Amino acid sequence: MRRPLMIALLVPAVAAALLTPPAAAAARDPAPGRAQAAQATTPGKAPAIAWAPCPQDPSADCGTLTVPVDRSRPGGPTTDLALARIKATDQNARIGSLLINPGGPGGSGVLFALAEARRFFSPEILRRFDVIGFDPRGVGASDPVVCSTELLARMPDPLMRSQADFDRWLDYNRRLREDCRARTGPVFDHVDSVSVARDMDDIRAAVGDEKLTYYGISYGTLIGQMYAETFPHRFRALALDSNMDHSLGTTGFIATESATVQDSFDEFAAWCRRDASCALHGRDVRAVFAGLLARAERGELRDPEHPDVVLTKLDVIARAFRDFYGPDWSVLARWLAAADAGTPTGAPAAASPAGSAQRSQEVTPFPVEVFCQDFRLPLRNYREYAAHVRLSERIAPDMRFSPLALSLTAMCLGRPAPIPNPQHRLRVDGTPPLLLANSLHDPATAYPWAVSSARQIGREARLLTYEGWGHGVYWQGECRAVFDAYLLSGAVPRPGARCPAVPPETRRATGVRPPLPVSPVPGLPGVPGWS
């Protein structure tokens with residue numbers, strides 16, 4: 001059956017990343033020598049964090065911080081946040097702490113700090129800041145939202161074809177919410193980004209920083225935006241890389257996502273025309289892609305990396321979408337050429353990211369709930385859904401639609417109103433400057449989202465445009481120096497600042513590539529999240 005295979009490819013991969021991060025033991029195990037949360041002994045005083053060497057990396061520190069689940073009930077249930085700290089290499093020159101979030105939703109800041117921070121950030125950032133990663137509530141080792149693995153394996157096809165399919169999604173989402181809530185506990189209903197922003201302020205106070213310094217990428221930008229709204233006078237710098245737009249409704253969200261994936265396809269096709277190294281150079285890339293989609297719809301297309309797998313249309317679109325993140329145009333071109341020719345690529349066809357041990361687990365993390373508490377994207381019936389699909393196909397004639405947008409819309413279908421953090425225009429006023437940055441050709445967080453967010457914030461925002469491709473800006477050529485100047489001294493770039501594009505082939509030659517992993521949407525075939 002095709003659907004269980006999709007689950008096997010993706011859900012356990014997320015489970016492996018989120019259930020067993022390097023600091024999970026340190027965050028949860030009460031054994032002596034492991035870090036524990038220290039409760040405040042004086043009312044109104046921030047609790048301290050009992051740091052201890054991380055078991056998996058003794059050069060880093062791990063700890064936990066206990067926070068209220070529901071801020072309106074400070075005496076009610078609590079939840080523990082998992083933290084990891086990389087100390088500044090020059091403590092005498094230390095500015096403070098740099099709190100980081102790698103996006104998702106569902107990205108582990110603990111994993112990012114331990115596995116990526118030392119090669120992601122510049123030596124000067126590492127010299128001047130304690131870099132602190134945290135798992136947001138409902139994610140990783142911070143009381144993750146978990147659901148029945150068996151129920152997730154029965155997730156319907158996100159590409160609906162009838163009212164019956166629409167009704168099936170409504171019933172499935174209701175049953176899934178009930179299951180996840182029962183298995184997760186009280187935190188299930190409080191994983192929205194405003195709650196996470198309040199947790200960040202508790203972390204700021206617990207580490208002794210008067211003002212917050214923060215770097216968030218992708219979905220992590222929404223957390224930063226909510227922090228600026230909620231605590232406008234408690235940050236010194238918010239660097240928001242590849243921005244979400246929290247003002248979008250259903251039509252705006254689906255349409256802008258469709259436009260940005262089509263833009264990424266156009267850029268890929270243009271590269272293939274001009275670069276002889278492209279495996280499809282000299283061919284009509286659009287015709288090849290359309291032919292593959294038609295074969296996939298007939299059930300006649302196999303994955304060249306896993307020849308036993310029959311690909312769907314969503315599989316092909318999601319594969320292209322995934323390779324636009326880097327971008328990894330050469331990889332995508334070879335895959336498309338091999339799929340068209342029906343020849344294996346030589347990649348290992350054995351094990352998928354899933355493993356039999358993972359499939360045997362009773363529960364699986366499901367961080368999509370975070371998105372559903374930040375974005376309500378209502379559709380009344382299949383007719384409305386089909387209208388959005390037709391609009392997407394007009395906007396994106398090659399890609400047809402954004403797999404991320406349609407998948408998340410389906411997963412949040414039927415969400416009761418109100419949600420904890422409904423969409424609204426940003427209300428940020430009288431704050432220090434915020435740095436927003438975005439790739440001009442980002443496949444996931446559309447460039448117009450950053451432009452819109454900057455306009456909503458107003459004079460406090462400064463937008464940095466990377467003139468190239470892919471998801472994420474910090475590591476892209478001259479952009480890093482702009483980020484560093486802002487984080488280190490608060491210096492903002494001039495209005496209209498831009499960083500020149502670094503061609504993917506140049507980056508390949510120098511070995512520079514984005515170190516962030518792509519977090520897939522659980523249950524769907526290779527559909528990345530925003531991290």
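Quick caveat: nothing in here was measured; it's all calculated off a predicted structure. Both backbone and side-chain heavy atoms feed into the values below; hydrogens, waters and symmetry mates do not.
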Taking C-beta and beyond as the side chain, do His441 and Thr260 meet within less than 4.5 Å on heavy atoms?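 His441 does not reach Thr260 side chain to side chain.
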Can you tell me if CZ on Arg455 sees more than 12 non-hydrogen neighbours from other groups inside 6.0 Å?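 Incorrect, the count does not exceed 12.
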Is the number of heavy atoms from other residues, nucleotides or ligands within 6.0 Å of CD (Glu210) greater than 12?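 No.
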Does the separation of the ring centres of [X] and [Y] fall below 6.0 angstrom?
X	Y	result
His471	Phe324	no
Phe253	Phe371	yes
Phe121	Tyr215	yes
Trp329	Trp469	yes
Phe235	Tyr214	no

Please list all pairs meeting side chain to side chain donor-acceptor pair (under 3.5 Å) that have one or both residues in residues 424-440, counting only residues at least two apart or in different chains. Glu229-His424
Got a donor-acceptor contact below 3.5 angstrom from the [X] side chain to the [Y] backbone?
X	Y	answer
Tyr486	Pro433	yes
Arg462	Ala437	no
Gln423	Leu248	yes
Ser193	Val196	no
Asp241	Val473	yes
Asp135	Ala141	yes
Tyr466	Asp442	no
Glu478	Pro500	no
Gln91	Ala88	yes
Thr465	Arg498	no

Trace of the salt bridge (Lys or Arg N to Asp or Glu O under 4.0 Å) decision for Glu362 with Arg183: CA-CA 10 Å; Glu362 180 183 354; Arg183 294 174 185 273; 3.0 Å; yes
Kindly indicate, with the supporting measurements, whether the criterion side chain to side chain contact (heavy atoms under 4.5 Å, CB included) is fulfilled by Ile254 and Thr409. CA-CA 8 Å; Ile254 294 175; Thr409 301; 4.0 Å; yes
Can you classify the ring geometry of Tyr474 versus Phe483 as parallel (below 30°), tilted (30 to 60°) or perpendicular (above 60°)?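 Ring orientation, 0 to 90° scale: perpendicular.
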Salt-bridge criterion met for Arg128 and Asp90 (N-O under 4.0 Å): no
Check ion pair Asp202-Arg198 (N to O, under 4.0 angstrom): no
Output, in order, the C-alpha distance, side-chain angles, deciding distance and verdict of salt bridge (Lys or Arg N to Asp or Glu O under 4.0 Å) for Arg71 and Asp199. CA-CA 10 Å; Arg71 296 287 172 166; Asp199 293 342; 2.6 Å; yes
Between the side chains of [X] and [Y], is a donor N or O closer than 3.5 angstrom to an acceptor N or O?
X	Y	result
Ser148	Asp179	no
Ser142	Arg137	no
Gln456	Asp245	yes
Asp374	Tyr219	yes
Thr64	Asp80	no

Does NZ or CZ of Arg85 lie under 6.0 Å from the centre of the six-membered ring of Trp51, at an angle within 45° of the ring axis?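 Verdict for Trp51: a cation-pi partner in Arg85.
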For the pair Leu212 and Arg234, evaluate side chain to side chain contact (heavy atoms under 4.5 Å, CB included) and give the outcome as yes or no after the intermediate values. CA-CA 6 Å; Leu212 177 75; Arg234 293 191 193 168; 5.9 Å; no
side-chain hydrogen bond (donor to acceptor under 3.5 Å, both in side chains), that's the test. Do Arg118 and Thr89 meet it? Break it down for me. CA-CA 11 Å; Arg118 289 187 177 99; Thr89 57; over 6 Å; no
List the steps and the verdict of salt bridge (Lys or Arg N to Asp or Glu O under 4.0 Å) for Asp484 and Arg480. CA-CA 6 Å; Asp484 284 359; Arg480 171 177 283 192; 5.3 Å; no
Full working for side chain to side chain contact (heavy atoms under 4.5 Å, CB included) between Met200 and Phe231: CA-CA 10 Å; Met200 289 206 318; Phe231 304 104; over 6 Å; no
I need the [X] [atom1] to [Y] [atom2] distance, nearest 0.5 Å.
X	Y	atom1	atom2	value
Leu238	Ile457	CG	CD1	9.0 Å
Thr78	Asp70	OG1	CG	12.5 Å
Asn421	Arg376	CG	CZ	14.0 Å

Side chain to side chain contact (heavy atoms under 4.5 Å, CB included) assessment of Ser453 paired with Gln225: CA-CA 9 Å; Ser453 295; Gln225 293 167 7; 3.8 Å; yes
